[in-house]
Protein chains: 2
Amino acid sequence: MPTNGPTVRDVARHAGVSVASVSRALNGIKTVRPDVRKLVEDAARELGYVPHAGARNLSLQRSGAVGVALPDLHGEYFSELVRGLHQAALDHGTQLLLSNVPQDPERAVEALNHLRGRVDALVILAPHLDPDCLLRNLSPNLPTVLLNGAPHKRNVHELRLDNYAGAQAMVQHLHDRGCYDLVHIAGPAGNIEAQERQRGFLESCAELGINGRILAGDFSEEAGAAAASEIIASRLTTDGIFAANDMMAIGAMTVLKSHGIALPDDMALAGFDDIPLARLVTPALTTIRVDIAGMGKRAMAVLFQDDPKDRVNTPILEWKIPELIARETTTRVNPRTDPSAAAHNNP
Amino acid sequence: MPTNGPTVRDVARHAGVSVASVSRALNGIKTVRPDVRKLVEDAARELGYVPHAGARNLSLQRSGAVGVALPDLHGEYFSELVRGLHQAALDHGTQLLLSNVPQDPERAVEALNHLRGRVDALVILAPHLDPDCLLRNLSPNLPTVLLNGAPHKRNVHELRLDNYAGAQAMVQHLHDRGCYDLVHIAGPAGNIEAQERQRGFLESCAELGINGRILAGDFSEEAGAAAASEIIASRLTTDGIFAANDMMAIGAMTVLKSHGIALPDDMALAGFDDIPLARLVTPALTTIRVDIAGMGKRAMAVLFQDDPKDRVNTPILEWKIPELIARETTTRVNPRTDPSAAAHNNP
DNA sequence: TAGATTGAAGTAACCGGTTACTTCAAGGCA
DNA sequence: TGCCTTGAAGTAACCGGTTACTTCAATCTA
């Protein structure tokens, strides 16, 4: 067993005091005489005593960890969220327990319940699951924040990105730029975020009276590439592609470039998420900034804000408004190279 | 307290059996009569009983979690590792407890000890810390894997990337391509991986009899940009830049491109790590593939491999040999655009 | 000086599970 | 019929901390 080392009773025996004194001394309780404290500290050091966090948690009824429930998401999005959460966790002196939420609702509930007693709070990112079902089966007195969940009737803190508004803004932007025949590469079918983006796309196209077509996708780079190939092969009159996320847009970009299609002159291209890559590809990708790391931080803040207060937890629903980032794939800002710059004397 | 719900005793009372029977029934022990099992299961369902993982762990002396100790690393590297670990954790039915390792050695030890009793094993990535100091203060009977640590005298499982060999290979590659005046943008000073890369660079340059200069850096995109600016401003006769990681190479690339320096014709450029971005920037970046996610997976496999066996844990040191990935920044393979490809009929 | 007050340390119950050991009843055998 | 096995359920100790409550001695008040 990896857990057996000296216990508080060993230290007590070694120091010639009671376990209560050991506990008090090591936890900085003030009603301990300096000489006793010294005795305990010396004994602890000598024995190499390290408190057993698990036992401590059981006794104190808190674990000092926040559970993070994630689907098996695509890299960037997932890691950006963890980054934000991790940063906030540091500030709050908390640890992060990562847990996977399976696709299957029943196993998902099981996985989440597995966290009871190991976490003080829960952050759930599960755009693929029905929150009603999920939350009904959850320990009710565990502070929870739901990120980008589907609509539901449960009472939980919630942070939601306005995917619909983001898609709307993007269609408007493409329209302003002169596009009138758009294709949307959609995200996975069961995903609420993907659905909202698609809905925003279709309704905006209808409102503006422009052409709006849907191609299937799944948030992967390959799906984006496949969609672009399809657009080229079918010789559609498309003049703008709006992918449901950046990775698909980048997949599409690779294919378009390899076919000699100039971006944005022959075709406009846009993504969604503003992953770090987006500004680094050439040409830089126009997208919708989501600040998923910021959402992670905010989620943590929400959890810790209502911690000192009562447990009534009047639940809040916070909308994050995404921001359109216009880059080169829809508007060329700078010439690609600037020959007037300082010459580089290459021998 | 977030943890109080029905306990095993509540279920026992409600079902009219003993706690032992409840525990046995719910854990699938076979010496339970079917009717009793049914009684227990019904009672548990009715009360909404969920086992308290913390208590379970204390009793079983295992936590079902692996601790991951990370410095506050730059995005891609960190997230790739977590991705690999997370994937492996799924396969092993384990959870991941993320923990930050502060720069300060004393606080680092404290942070790691804080994990005792909450994890069954430990994965440590701390290229900035002295492993001797770290491991001396660690619970000795906690299976541990050290990733890319500095040399030391302790007995631990260890996975190490051959940074020296990678740098060597890259210098050879640049030399083959015709470079004879190289600059290395170095990583942060205290980082063992950065040191090895720099050592490989310098020694290879000496062996090949070519010029090798060092510029300071810290693994950040900005540092790469700054170094490139410095190269341009000082009008060095450099014909190849080898950055200690990809992010710095990409930072340098942006600056070089904005100054009209053609890659690779005017200047070769290479990085290290092969982060996902590397193949997506234009021109695609030549680099050394590290497969950090694979290291994460491997680390987990090592931990679980010696789990069923005895605890003697004959420690192993495994070297991962990195692979050179030649892309466009050192060797142009394809023309940038291919006008002969299927025409795209843009109206 | 007796009785009340104060401060510090000790005892033991508790957190919520698991499980070695004990008890008890039913079936097997002589 | 009486004793022994066998199987299943119950009791209580334990995992390693924390802490309410108790004990006890020293100091303070009248």
Side-chain angles (χ1 to χ4, degrees), chain A residues 1-40 43-44 47-64 113-120 139 141, chain B residues 1-40 43-44 47-64 113-120 139 141:
Chain A
M1 311 121 199
T3 51
N4 47 17
T7 75
V8 69
R9 311 197 204 249
D10 296 325
V11 177
R13 193 171 323 117
H14 197 263
V17 300
S18 73
V19 290
S21 291
V22 172
S23 180
R24 282 192 282 252
L26 296 179
N27 287 324
I29 307 282
K30 51 258 148 262
T31 66
V32 180
R33 258 194 345 237
D35 56 327
V36 173
R37 163 158 296 146
K38 174 106 176 46
L39 228 51
V40 170
L47 266 54
Y49 169 74
V50 176
H52 187 288
R56 192 150 202 276
N57 297 340
L58 182 57
S59 192
L60 290 174
Q61 310 254 69
R62 35 157 243 92
S63 73
N113 278 334
H114 195 65
L115 293 176
R116 169 169 126 86
R118 355 179 69 172
V119 299
D120 298 330
S139 254
N141 37 18
Chain B
M1 311 118 194
T3 51
N4 47 18
T7 74
V8 70
R9 318 206 195 243
D10 296 325
V11 177
R13 193 171 325 118
H14 196 262
V17 300
S18 73
V19 290
S21 291
V22 173
S23 181
R24 283 192 282 251
L26 296 179
N27 287 325
I29 308 281
K30 51 255 149 269
T31 67
V32 179
R33 259 194 346 238
D35 56 327
V36 173
R37 163 159 295 146
K38 174 107 174 47
L39 227 50
V40 170
L47 266 53
Y49 169 75
V50 176
H52 188 288
R56 192 151 202 276
N57 297 340
L58 182 57
S59 191
L60 290 174
Q61 310 253 71
R62 35 157 241 91
S63 74
N113 278 334
H114 195 65
L115 293 176
R116 168 169 127 85
R118 354 179 71 174
V119 300
D120 297 331
S139 252
N141 38 17

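The structure displayed is predicted, hence computed values, not measured ones. Keep in mind that the numbers below use all heavy atoms, side chains included, and drop hydrogens, waters and symmetry copies.
Nucleotide C:dG10 holds its P atom 15 Å from the CD1 atom of A:I29, rounded to whole Å. Protein atom NZ of B:K30 is 13 Å distant from nucleotide atom C1' of D:dA8, rounded to whole Å. In this structure, A:R13 places its CZ atom 12 Å from P of D:dG17, rounding to the nearest Å. When the C1' atom of C:dG17 is taken as reference, atom CG of B:L47 falls 16 Å away, rounded to whole Å. Atom P of nucleotide D:dT18 and atom CG of A:L58 are separated by 11 Å, given to the nearest angstrom. Rounding to whole angstrom units, CG of residue A:N57 and C1' of C:dC15 are separated by 11 Å. In this structure, A:L26 atom CG and D:dG17 atom C1' are separated by 11 Å, rounded to whole Å. Whole-Å rounding puts the A:Q61 CD to D:dG16 P distance at 19 Å.
Taking every heavy atom of both residues into account, A:G48 and A:P6 meet most closely at O-CG, 3.9 Å. Heavy-atom minimum distance, A:R37 versus A:I29: NH2-O, 2.6 Å.
You'll find that the side chain of A:R24 is closest to D:dT19, out of D:dG16, D:dA9, D:dT19. Listed nucleotides: D:dG10, C:dT11, C:dT18. Nearest to the side chain of B:V8: C:dT18. Which of D:dC15, D:dA9, C:dT11 sits closest to the side chain of B:S21 comes down to D:dA9. Comparing D:dG16, C:dA9, C:dG16 by their closest approach to the side chain of A:R9 singles out D:dG16.
Nucleic acid contact class of A:V19 (heavy atoms, under 4.0 Å, all strands): base. Among the protein residues, A:S23 comes within range of the nucleic acid bases, having at least one heavy atom under 4.0 Å from a base atom.
Side-chain contact between A:T7 and A:H52 is absent, with no heavy-atom pair separated by less than 4.5 Å. Considering only heavy atoms from C-beta on, B:V36 stays 4.5 Å or farther from B:R24 through its side chain. Annotation: side chain of A:R56 is in contact with side chain of A:N27 (closest heavy-atom distance under 4.5 Å).
Considering only side-chain N and O atoms, B:S18 lies under 4.0 angstrom from the phosphate OP1 or OP2 of D:dG10. When the side-chain nitrogen and oxygen atoms of A:N27 are compared with OP1 and OP2 of D:dT18, one or more of them lie within a distance under 4.0 Å. The side chain of A:S59 contributes no N or O atom lying less than 4.0 Å from OP1 or OP2 of C:dC15.
Residue side chain A:R33 does not reach the base of C:dG7 through any donor-acceptor N/O pair under 3.5 Å, judged by distance alone.
Between B:A55 and A:T31, the one whose closest nucleotide on DNA chain C sits nearer the 5' end is A:T31. Each of B:D35 and A:R56 was assigned the nucleotide of DNA chain D with the nearest heavy atom; the assignment lying further toward the 5' end belongs to B:D35.
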